[in-house]
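Okay, structure first, notes after.
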Amino acid sequence: MSEKGIVFNIQRFTLHDGPGIRTELFLKGCPLRCQWCGNPESLKGNIELGVFHSKCLSLNKCGSCKESCPDKSKLQFTHDKLSSIDSNKCRDCFICEKNCPSNAIRIWGKSMSVNECLKEILKDKGYYDRSGGGVTISGGEPLLQSDFVSLLLKNCKENSIHTCCESSLYSEWKDIEKILPFTDLIISDIKHMDTDIHKKYTGVDNYKILENLKKITSEKKELILRIPVIPGVNDDFKNIEKTADFIINELNRQIKCLQLLSFMRLGEEKYQSLGLPYKMNNLNFDRIEFQEHINKIADYFNSRGINCLVGTKEK
């Protein structure tokens with residue numbers, strides 16, 4: 001069992017990914033490439049550097065990154081400011097980040113042991129106890145680090161902490177089985193019911209995800225489903241109807257609730273920091289009309305006996 005995992009963020013006092021007040025750990029690495037992903041720093045499983053061009057003081061005023069880097073050819077500058085770092089040349093010494101006075105360079109990811117994570121989690125146990133909260137493991141895709149996750153969740157349960165795993169479920173069942181005994185709640189998405197469209201926008205088909213959802217409901221594990229509603233991608237009523245049919249006929253309605261998450265243009269600066277294109281950049285729509293459309297989608301699911309909410313908080 002792995003005692004260490006790669007964590008890129010720990011958020012305390014979160015309210016949206018599970019009941020009560022929670023601590024949420026975000027793990028690096030994801031097999032999907034959803035075009036609307038708001039956390040591009042989660043995609044690669046390794047620790048990496050991001051560059052925030054606007055924060056750079058410039059070579060003329062500073063230049064500490066260039067002075068300290070053992071391989072200066074990996075640093076790329078635009079208008080005298082650091083704009084990117086070639087990850088293929090980077091030796092992962094992170095000296096440039098340590099010497100940057102303006103925090104223009106950021107390390108995405110940190111190797112942490114189960115005990116180090118548990119120490120952070122236990123800081124707020126009093127809040128969990130009073131609010132009915134706990135810990136949520138998210139990503140990226142936490143099941144890529146299933147040994148680490150199962151051991152961490154096991155330790156949480158030994159400390160009487162409610163546990164939640166937020167996963168795409170694009171994983172082998174053996175990895176899911178590792179975490180199930182120590183997981184009180186699973187949160188997952190249905191992004192699209194059509195396999196080809198799912199693959200077009202996420203990079204993978206949906207067969208494994210849908211099969212794992214069926215297995216989880218057969219295990220009687222508490223499950224929250226979400227649909228990230230993307231204009232022109234999965235918000236048509238043909239797809240919505242098929243999604244409802246799947247929940248009713250294949251999952252036997254065995255979900256706590258279905259949550260509709262409105263598309264938000266998130267993470268653009270982080271894409272730039274990693275030298276990645278933001279593929280939703282040209283998506284334009286009327287926000288008010290779109291929200292009204294989402295409300296109609298929620299009404300449709302509720303009319304079919306599926307407890308559906310707009311957003312993540314139950315009323």
Side-chain angles (χ1 to χ4, degrees), residues 14-19 30 32-40 42 138-139 166-170 185-207 209-210 213-214 217 223-271 277-315:
T14 67
L15 300 170
H16 301 287
D17 295 322
C30 185
L32 277 67
R33 292 295 182 268
C34 302
Q35 294 187 14
W36 51 85
C37 178
N39 291 320
S42 73
S138 187
E166 185 176 10
S167 168
S168 70
L169 296 182
Y170 188 80
L185 170 66
I186 290 175
I187 299 175
S188 191
D189 290 351
I190 292 185
K191 297 176 175 69
H192 208 289
M193 291 303 299
D194 183 278
T195 298
D196 293 333
I197 296 175
H198 192 282
K199 188 169 185 176
K200 176 182 177 181
Y201 287 100
T202 72
V204 302
D205 65 41
N206 62 3
Y207 176 77
I209 294 169
L210 299 180
L213 282 171
K214 289 189 280 188
T217 54
L223 173 67
I224 289 176
L225 277 182
R226 289 174 171 173
I227 300 177
V229 186
I230 316 299
V233 175
N234 63 353
D235 63 332
D236 59 283
F237 268 93
K238 180 181 178 181
N239 178 59
I240 297 304
E241 184 177 8
K242 286 185 176 181
T243 306
D245 290 343
F246 176 78
I247 294 171
I248 293 168
N249 300 322
E250 301 294 335
L251 303 186
N252 298 311
R253 305 179 193 265
Q254 297 299 306
I255 64 171
K256 182 179 181 182
C257 65
L258 175 66
Q259 299 173 346
L260 305 182
L261 308 185
S262 306
F263 168 74
M264 302 294 289
R265 203 180 298 275
L266 300 173
E268 290 183 73
E269 190 178 19
K270 290 188 286 186
Y271 276 90
Y278 182 64
K279 294 185 178 180
M280 307 303 286
N281 197 44
N282 295 323
L283 180 61
N284 297 305
F285 59 96
D286 185 290
R287 172 63 64 180
I288 295 175
E289 288 183 3
F290 180 57
Q291 205 60 47
E292 290 174 351
H293 179 52
I294 290 177
N295 290 335
K296 290 179 182 178
I297 293 173
D299 290 341
Y300 172 77
F301 280 117
N302 281 305
S303 73
R304 296 196 62 183
I306 299 168
N307 178 27
C308 184
L309 312 169
V310 176
T312 60
K313 296 303 292 181
E314 293 193 55
K315 303 296 186 294

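Below, all heavy atoms of this structure are taken into account, side chains as well, without hydrogens, waters or symmetry copies.
Between Leu260 atom CG and Ile294 atom CD1 the span is 7.0 Å, to the nearest 0.5 Å. Annotation: the span from Ile247 atom CD1 to Leu225 atom CG amounts to 5.5 Å, rounded to 0.5 Å. The CD1 atom of Ile224 sits 9.5 Å away from the CD atom of Glu166 when rounded to the nearest 0.5 Å. Rounding to the nearest 0.5 Å places CG of Asn284 at 11.0 Å from CG of Asp286. Atoms CD1 and OG1, on Ile227 and Thr243 in that order, are 5.0 Å from each other to the nearest 0.5 Å. In this structure, CD1 in Ile297 is found 13.0 Å from CD in Glu241, a value given to the nearest 0.5 Å.
Closest approach of Ser188 to Ser167, counting heavy atoms only: OG-O, 2.8 Å. Closest of all the heavy-atom pairs between Leu185 and Gly18 is CD2-CA, 4.0 Å. Between Asn234 and Ile240, the closest heavy-atom pair is O-CD1, 3.7 Å. When every heavy atom of Cys308 is checked against every heavy atom of Ala298, the shortest pair comes out as SG-CA, 3.8 Å. Considering every non-hydrogen atom in both Lys191 and Cys34, the closest pair reads CE-SG, 3.4 Å. The heavy-atom pair separating Phe263 from Pro231 by the smallest distance is CB-CD, 3.8 Å.
Under the 3.5 Å distance criterion, the side-chain polar atoms of His198 are matched with a main-chain donor or acceptor of Val204. The backbone N or O of Asn206 sits nowhere less than 3.5 Å from a side-chain atom of Thr195 that would complete a donor-acceptor pair.
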Apply side-chain contact (heavy atoms from CB on, under 4.5 Å) to Met193 and Leu210, showing your working.
CA-CA 9 Å; Met193 291 303 299; Leu210 299 180; 4.0 Å; yes
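Taking the ring pair (Phe, Tyr, Trp, His ring centres under 6.0 Å) definition, one finds that Phe290 meets it with Phe285, sequence neighbours left out. Partners of Ser168 by side chain to side chain donor-acceptor pair (under 3.5 Å), not counting sequence neighbours, listed by chain and number: Glu141. Among residues two or more places apart in sequence or in another chain, the salt bridge (charged side-chain N to carboxylate O under 4.0 Å, His left out) test is passed with Asp245 by Arg304. By the salt bridge (charged side-chain N to carboxylate O under 4.0 Å, His left out) test, Lys214 is found to be paired with Glu211, Glu250, residues two or more places apart in sequence or in another chain being considered. Scanning for salt bridge (charged side-chain N to carboxylate O under 4.0 Å, His left out) contacts around Asp17 gives Arg226, with sequence neighbours left out. For Glu268, the side-chain contact (heavy atoms from CB on, under 4.5 Å) partners at least two apart in sequence or on another chain are Arg265, Tyr278, Asn281.
For the residue pair Asn39/Lys270, the side-chain donor-acceptor check at 3.5 Å is satisfied. Under the 3.5 Å distance criterion, with hydrogens and angles disregarded, a donor-acceptor pair is assigned to the side chains of His192 and Asn239.
Salt bridge status for Lys238 with Asp236: absent, with no side-chain N to carboxylate O gap under 4.0 Å.
Contact annotation: the side chain of Lys200 never approaches that of Asp196 to less than 4.5 Å [non-hydrogen atoms, C-beta and beyond]. Using a 4.5 Å cut-off on side-chain heavy atoms (C-beta onward), Asn252 and Thr217 make no contact. Within the 4.5 Å cutoff, no side-chain heavy atoms of Tyr201 are placed close to those of Ile230. Between Arg287 and Ser262 the shortest side-chain heavy-atom distance falls below 4.5 Å. Side-chain contact between Phe246 and Leu213 is present, with heavy atoms from C-beta onward closer than 4.5 Å. Proximity of Phe301 to Cys257: side-chain heavy atoms (C-beta onward) are nowhere separated by under 4.5 Å. Contact of the Trp36 side chain with the Thr202 side chain is registered, since non-hydrogen atoms from C-beta on lie closer than 4.5 Å.
Residue Phe237 qualifies as enclosed at atom CZ: its count of foreign heavy atoms under 6.0 Å is above 12.
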